[in-house]
Protein chains: 2
Amino acid sequence: MESKNSLESRLRAAGRRMTPQRKLILSILDQTGDHLDAEEVYRRAKQQNSNLNIATVYRTLSILKDMELIEQRYFARDHNVEYYESVNKGEHYHFTCLGCRKIIEVETPKIVQVQKEFSALTGAKFTHACVCFEGYCANCVNDEENLTL
Amino acid sequence: MESKNSLESRLRAAGRRMTPQRKLILSILDQTGDHLDAEEVYRRAKQQNSNLNIATVYRTLSILKDMELIEQRYFARDHNVEYYESVNKGEHYHFTCLGCRKIIEVETPKIVQVQKEFSALTGAKFTHACVCFEGYCANCVNDEENLTL
DNA sequence: TTGCTATTGCGAATCAATTGCAATAGCTGT
DNA sequence: ACAGCTATTGCAATTGATTCGCAATAGCAA
């Protein structure tokens, strides 16, 4: 967890300024364990600063992503919305339940192994992997089987 | 490779009709080894039938996806465009080079292993995995290192 | 050939995300 | 504390991929 001061100085080092809007958005991202999209961040932030504009949220998320403080994620197959989560979690991937929309985190070294093997084989260098799994969680499997009968 | 007749009958079985537009779009998807998005399918098809509309391309791609004749894919980190490829290839994943935009296919059993392990552990059932890798291919690694210096 | 209805072309609508711009407000140096 | 530079904001308009409504058209089964 970053202290506010070090975060502020990181912003400054990047020639940026600490504004109330950014403080607010940062605090929301810091407090939540969820994966939020821009709309949801906006909705929560707006309750505390009714003047906030959604463009500011998008711009702030983009900056935080550039600074590698948050990670952009996609969930579900037809992923057309970007979600964000704090980076200070270990390497992990996501499973989205199509029944209850719950997101379960998947931890495995195998994805990184794939990258290493492929690099060794081809000489390529990885910068990013987007992995999203989809299906039905244990609770929803039965419901889904009933549906498809 | 499906024969045209069996494809036509599969369409009919689904209560659909074979139209010149669909024939055209199917032939383009059949001939190419590339991964095409709707715009590119449209561009290529339009050369042969200048009356074709892009909405028809989107609708046809959607039908083919529902019939599981083609697979929807995303490439690159900020994937906001859907690409399609024929399904009659083995299980594989994609690496996109950020330098030359080349797409390299990655074959590995490890992704499926991750799914199996997670299923065994949690009881979840997978329906789909979206995996896209990104980085620099062997040819572009050096250029990229020069850029970031 | 007829009739039913799936399909098409067209334009308008969506929806998440981005951008241009003038007004505002951090921050640095004095 | 102040002044000045410029990063940032709010707002409205725009983008870009994709979808949708609808009237006209055209497959296809009888």
Side-chain angles (χ1 to χ4, degrees), chain A residues 4-5 7-26 35-43 45-67 70-84 130, chain B residues 4-5 7-26 35-67 70 72-84 130:
Chain A
K4 277 202 177 105
N5 289 335
L7 178 54
E8 261 188 63
S9 48
R10 285 191 63 177
L11 277 170
R12 299 245 170 76
R16 321 213 86 110
R17 296 169 183 175
M18 179 56 81
T19 65
Q21 290 92 335
R22 285 183 185 165
K23 273 205 186 79
L24 181 52
I25 293 168
L26 280 165
H35 308 85
L36 308 181
D37 64 358
E39 288 286 346
E40 180 61 19
V41 171
Y42 174 63
R43 209 184 56 70
K46 184 123 183 151
Q47 295 174 347
Q48 293 178 250
N49 177 349
S50 61
N51 203 35
L52 183 68
N53 192 276
I54 189 140
T56 301
V57 174
Y58 276 107
R59 281 186 285 231
T60 302
L61 291 174
S62 171
I63 288 166
L64 296 177
K65 185 172 64 167
D66 289 348
M67 292 176 68
I70 59 175
E71 277 264 21
Q72 180 194 55
R73 302 281 189 192
Y74 291 92
F75 301 117
R77 178 173 212 163
D78 297 312
H79 32 56
N80 43 8
V81 179
E82 295 172 8
Y83 290 82
Y84 292 89
C130 166
Chain B
K4 277 203 177 105
N5 290 335
L7 178 53
E8 261 188 63
S9 48
R10 286 191 61 179
L11 277 171
R12 299 244 171 76
R16 323 213 86 109
R17 296 169 183 173
M18 178 56 81
T19 66
Q21 291 92 334
R22 287 184 184 164
K23 272 205 186 79
L24 181 52
I25 292 168
L26 279 165
H35 308 85
L36 308 181
D37 64 358
E39 288 286 347
E40 179 61 18
V41 171
Y42 174 64
R43 210 184 56 69
R44 296 189 188 189
K46 185 126 181 144
Q47 295 174 347
Q48 293 177 250
N49 178 349
S50 60
N51 203 37
L52 183 68
N53 191 277
I54 190 142
T56 302
V57 174
Y58 276 106
R59 282 186 286 231
T60 302
L61 291 174
S62 171
I63 288 166
L64 296 176
K65 184 172 63 166
D66 288 348
M67 293 175 67
I70 58 176
Q72 180 194 55
R73 302 279 189 193
Y74 291 93
F75 301 117
R77 179 173 212 161
D78 298 312
H79 33 58
N80 44 5
V81 179
E82 295 172 7
Y83 290 81
Y84 292 89
C130 167

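Order of the sequence lines fixes the chain letters, A, B, ..., with proteins taken first and strands second; residue numbering starts at 1 for each chain.
Within the structure, a side-chain polar atom (N or O) of B/Thr56 is placed less than 4.0 Å from OP1 or OP2 of C/dG9. For the OP1/OP2 pair of D/dT9 and a distance below 4.0 Å, the side-chain nitrogens and oxygens of A/Asn53 include no atom meeting the criterion. For the pair B/Arg16 and D/dC28, the criterion of a side-chain N or O lying under 4.0 Å from OP1 or OP2 is not met. At C/dA6, none of the side-chain N or O atoms of B/Arg12 fall inside 4.0 Å of OP1 or OP2 (strictly under the cut-off).
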Mind listing the side-chain donor-acceptor pairs of residues 50-61 of chain B below 3.5 Å, one per line with the distance, residues two or more places apart or on another chain?
from	atom 1	to	atom 2	distance (Å)
B/Asn53	OD1	B/Ala55	N	2.8
B/Thr60	OG1	B/Thr56	O	2.8

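If you take NZ of A/Lys23 and P of C/dG26, they are 9 Å apart, rounded to a whole angstrom. Note: CG (A/Asp66) to P (D/dA7) measures 15 Å, nearest angstrom. Put simply, OH on B/Tyr42 is 14 Å from C1' on D/dT18, counting in whole angstrom units. Protein atom CD of B/Gln21 is 4 Å distant from nucleotide atom P of C/dG9, rounded to whole Å. In this entry the distance linking CG of B/Leu61 with P of D/dA17 reads 14 Å, nearest Å. With rounding to whole Å, A/Asn51 atom CG is found 13 Å from D/dT8 atom C1'. One interatomic measurement links the two molecules: CG of B/Leu52 to C1' of C/dG9, which rounds to 9 Å at whole-angstrom precision. Between the CG atom of B/Leu26 and the P atom of C/dT7 there is a distance of 13 Å, rounded to whole Å.
Mapping A/Ile63 and B/Thr19 onto DNA chain D by nearest heavy atom places A/Ile63 closer to the 5' end of the strand.
Here the side chain of B/Arg44 pairs no donor or acceptor atom with the backbone of B/Glu39 at under 3.5 angstrom. Checked by atom type and distance alone, the side chain of B/Arg10 pairs as donor or acceptor with a backbone atom of B/Met67 at under 3.5 Å.
Taking the side chain to side chain donor-acceptor pair (under 3.5 Å) definition, one finds that A/Arg43 meets it with A/Glu40, sequence neighbours left out. Every residue meeting the side chain to side chain contact (heavy atoms under 4.5 Å, CB included) condition with B/Leu24, not counting sequence neighbours, appears here in chain and number order: B/Ser27, B/Ile28, B/Ala45, B/Gln48, B/Asn49. Partners of B/Arg73 under the side chain to side chain donor-acceptor pair (under 3.5 Å) rule, at least two apart in sequence or in another chain, are B/Glu85. With sequence neighbours excluded, the residues forming a side chain to side chain donor-acceptor pair (under 3.5 Å) with A/Arg12 are A/Glu8, listed by chain and number. Take A/Tyr84 and apply the side chain to side chain donor-acceptor pair (under 3.5 Å) test, not counting sequence neighbours, and it matches A/Glu82.
A 4.5 Å side-chain heavy-atom check between B/Phe75 and B/Tyr83 finds at least one atom pair inside the cut-off. Using a 4.5 Å cut-off on side-chain heavy atoms (C-beta onward), A/Arg22 and A/Ile63 make contact. Contact annotation: the side chain of A/Lys23 approaches that of A/Met18 to within less than 4.5 Å [non-hydrogen atoms, C-beta and beyond].
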Check: protein-nucleotides 17-22 of chain C nitrogen or oxygen pairs below 3.5 Å:
from	atom 1	to	atom 2	distance (Å)
C/dA17	OP1	A/Glu82	N	2.9
C/dA17	OP2	A/Tyr58	OH	2.7
C/dG20	O6	A/Arg59	NH1	3.4

Taking only nitrogen or oxygen atoms into account, show me every contact under 3.5 Å that the protein makes with nucleotides 24-26 of chain D, one pair per line with its distance.
none

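Atom CD1 of B/Ile70 and atom CG of B/Leu36 lie 9.5 Å apart (nearest 0.5 Å).
Remark on the helix from C/dT1-D/dA30 to C/dT30-D/dA1: inter-end axis angle 40°, axes from five-pair C1' superpositions, rounded to 10°.
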